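All remarks here apply to the structure that follows.
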Amino acid sequence: MSGFALSEGLRQQRTTGLYRSRTTVASAQRPEVTVDGRRYLVFSSNNYLGLADHPKVIARFQQAANEYGVGSGASHLIIGHSKAHQALEEALAALTGRDRALLFGNGYMANLGAMAALTGREDSIFQDRLNHASLLDAAQLSGARWRRFRHKNHDHLVNLLAKSTARNTLIVTDGVFSMDGDRADLHGLSSIAEQHNAWLMVDDAHGIGVLGKNGGGSAEHLGLTQQHLPILMGTLGKAFGTYGAFIAGSDALIESLIQFARTYIYTTALPPAIAEATRASLQIIQQEPWRREHLKELIRFFRHSCEQLGIALMPSETPIQPLLTGSVAETLAVSEALAEQGILVSAIRPPTVPKGESRLRIALSAAHTKTQVEQLVNALDTVINHPSHQQKR
Ligand SMILES: *Cc1c(COP(=O)(O)O)cnc(C)c1O
């Protein structure tokens, strides 16, 4: 691209209100962070269980760095696969009730690697229209024919499947939709997959750790075994509070990914200390169900309070509680007004969400107190219901 094309692209991005910029945070991921010397209460983080700065997770990270050093030095297949990685894979397999789990650098790479390894030109991929961007990119990379079905519309999916002449078929969905917070009907998808002799893959980035009695995610919550949900993907950068991702499933699946997933093979293994820190957070996830309980209580309280004030939230029982604002301009205005009140909530705009469906993506965490959620509710009341009462606007 020439210099002119770049500046024209940037200009357009600005005039349409779609310009993206970064907030530079000067403190740990906690409900309260410091930005430009000012304290803000944050409702944008995927740190759903408050583990990103948990003392036990930090301590294990430090100990493991002393033992293993910082870098893993190589890819898993060369000399980068440590006892720390192995132990975490075993713990993740146990948590999800699968034969095995395989660590990837991050969720984006796990999706690209798995889908491209499992499907090729003669195969078909069907995925929910609201699936995460990495799943759309993964389908593209795989070389398979792929189609999107309307959000949670299984009739549409079955119609598409009926017309398919593919060799192998993969159905892919988010377990919890990242920008909407609603859950996929995985029982329904599982039986459709079975009837059509297709694989089912679930990206549980927002379910793992949060859903299920032990934090095993959507699969545990719904009692879906490896047989019914053969390809389970989870990330470690959200509820786990660390970094990385995994695919869990049968021994044959994991061995195939080790042989054929290019984003597994041709990349440096995660730092071993990250794996150890993640094992510490996995223990907390299993041993401290109060975090999930407290989070559920906050979700109930938030929804109830909004309902009483006539603030219409999208239907969601998960920590992702979006408030549909519609236009880009309105979304930015509400987000900026909240920031003036000391509250950070991210404005989500196209192409992350469809045009006309811009929203505030409010994310709750077990690290929040009820008082902090009350502060959010009060700020929303001021900004949305009484805009004229605001100070500087
Ligand atoms: C965050 C996310 C990913 C990507 O995971 P990273 O580890 O951040 O790369 C993939 N899928 C979904 C649904 C996500 O929300």
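Keep in mind it's a predicted model, so treat the numbers as computed, not measured.
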Ring pair (Phe, Tyr, Trp, His ring centres under 6.0 Å) evaluation trace for Phe104 with Tyr264: CA-CA 6 Å; Phe104 281 79; Tyr264 182 76; 5.5 Å; yes
Stacked cation flag Arg147 on Phe126, 6.0 angstrom / 45 deg: no
Among Lys152, His151, Arg361, Arg359, side-chain hydrogen bond (donor to acceptor under 3.5 Å, both in side chains) partner for Asp180: Arg359
Side-chain donor-acceptor contact under 3.5 Å, Arg60 with Gln283: yes
Full working for side chain to side chain contact (heavy atoms under 4.5 Å, CB included) between Leu92 and Arg279: CA-CA 9 Å; Leu92 288 167; Arg279 232 152 46 91; over 6 Å; no
Crowding at CD1, Ile79 (>12 non-hydrogen neighbours, <6.0 Å): no
Neighbour count above 12 (heavy atom, 6.0 Å) for Asn66 CG: yes
Audit row: Ile320, Val176, side chain to side chain contact (heavy atoms under 4.5 Å, CB included) steps and yes/no: CA-CA 9 Å; Ile320 304 165; Val176 174; 4.2 Å; yes
Expected output: side-chain Ser142 to main-chain Ala144 donor-acceptor under 3.5 Å: yes
Over 12 foreign heavy atoms within 6.0 Å of CD, Glu32: yes
Same apolar cluster: Ile362 and Ile384, side chain cutoff 4.5 Å: yes
Gap separating the CG atom of Leu282 from the CD atom of Gln286, nearest 0.5 angstrom: 5.0 Å
Ring center gap for Phe177 and His206 short of 6.0 angstrom: no
Aromatic ring pairing His294/Trp290, orientation class (parallel under 30°, perpendicular over 60°, tilted between): tilted
Backbone N/O of Gly209 and side chain of Arg292: donor-acceptor pair under 3.5 Å: yes
Check against side chain to side chain contact (heavy atoms under 4.5 Å, CB included), Glu89 and Phe246: CA-CA 8 Å; Glu89 289 183 346; Phe246 66 92; over 6 Å; no
Donor-acceptor contact below 3.5 Å, side chain Ser72 vs main chain Pro271: no
Backbone of Gln12 reached by a side-chain donor or acceptor of Thr16 within 3.5 Å: yes
Same cluster (ILVMFWY, side-chain, under 4.5 Å), Leu380 and Val42: no
Where His132 and Ser178 come nearest, the two heavy atoms and their spacing: CD2-OG, 4.0 Å
Arg39 side chain to Thr34 side chain, donor-acceptor N/O pair below 3.5 angstrom: yes
Sidechain-backbone polar pair: Arg349 side chain, Arg20 backbone, donor-acceptor under 3.5 Å: no
Leu232-Leu118 co-clustered via ILVMFWY side chain contacts under 4.5 Å: no
Short side-chain donor-acceptor distance under 3.5 Å, Ser82 and His85: yes
Side-chain (Asp251) to main-chain (Asp99) donor-acceptor, under 3.5 angstrom: no
Short side-chain to backbone donor-acceptor contact, Ser335 and Thr331, under 3.5 Å: no
Derivation of the side chain to side chain contact (heavy atoms under 4.5 Å, CB included) call for Phe301 and Lys370: CA-CA 8 Å; Phe301 173 67; Lys370 203 167 167 185; 3.5 Å; yes
Arg30 bridged to Asp53 by N-O distance under 4.0 Å: yes
Ser45 versus Gln29, side-chain donor and acceptor atoms under 3.5 Å: yes
Gln86 side chain vs His81 backbone, donor-acceptor pair below 3.5 Å: no
Co-membership, hydrophobic cluster, residues Leu313 and Val373, 4.5 Å side-chain: yes
More than 12 heavy atoms from other groups under 6.0 Å of CZ on Arg129: no
Between Gln63 and Glu67, a side-chain donor and acceptor under 3.5 Å: no
Heavy-atom donor-acceptor pair, Asn378 side chain to Gln375 backbone, under 3.5 Å: no
Donor-acceptor pair between Asp203 and Asn131 side chains, under 3.5 angstrom: no
Side-chain donor-acceptor contact under 3.5 Å, Asp204 with Ser218: yes
Residue pair Phe260 / Ile265, side-chain heavy-atom distance below 4.5 Å: no
Electrostatic pair Arg100-Glu255, nearest N-O below 4.0 angstrom: yes
Arg183 side-chain N/O to Gly175 backbone N/O, donor-acceptor pair under 3.5 Å: no
Cluster overlap Leu309 with Ile343, hydrophobic side-chain contacts below 4.5 Å: yes
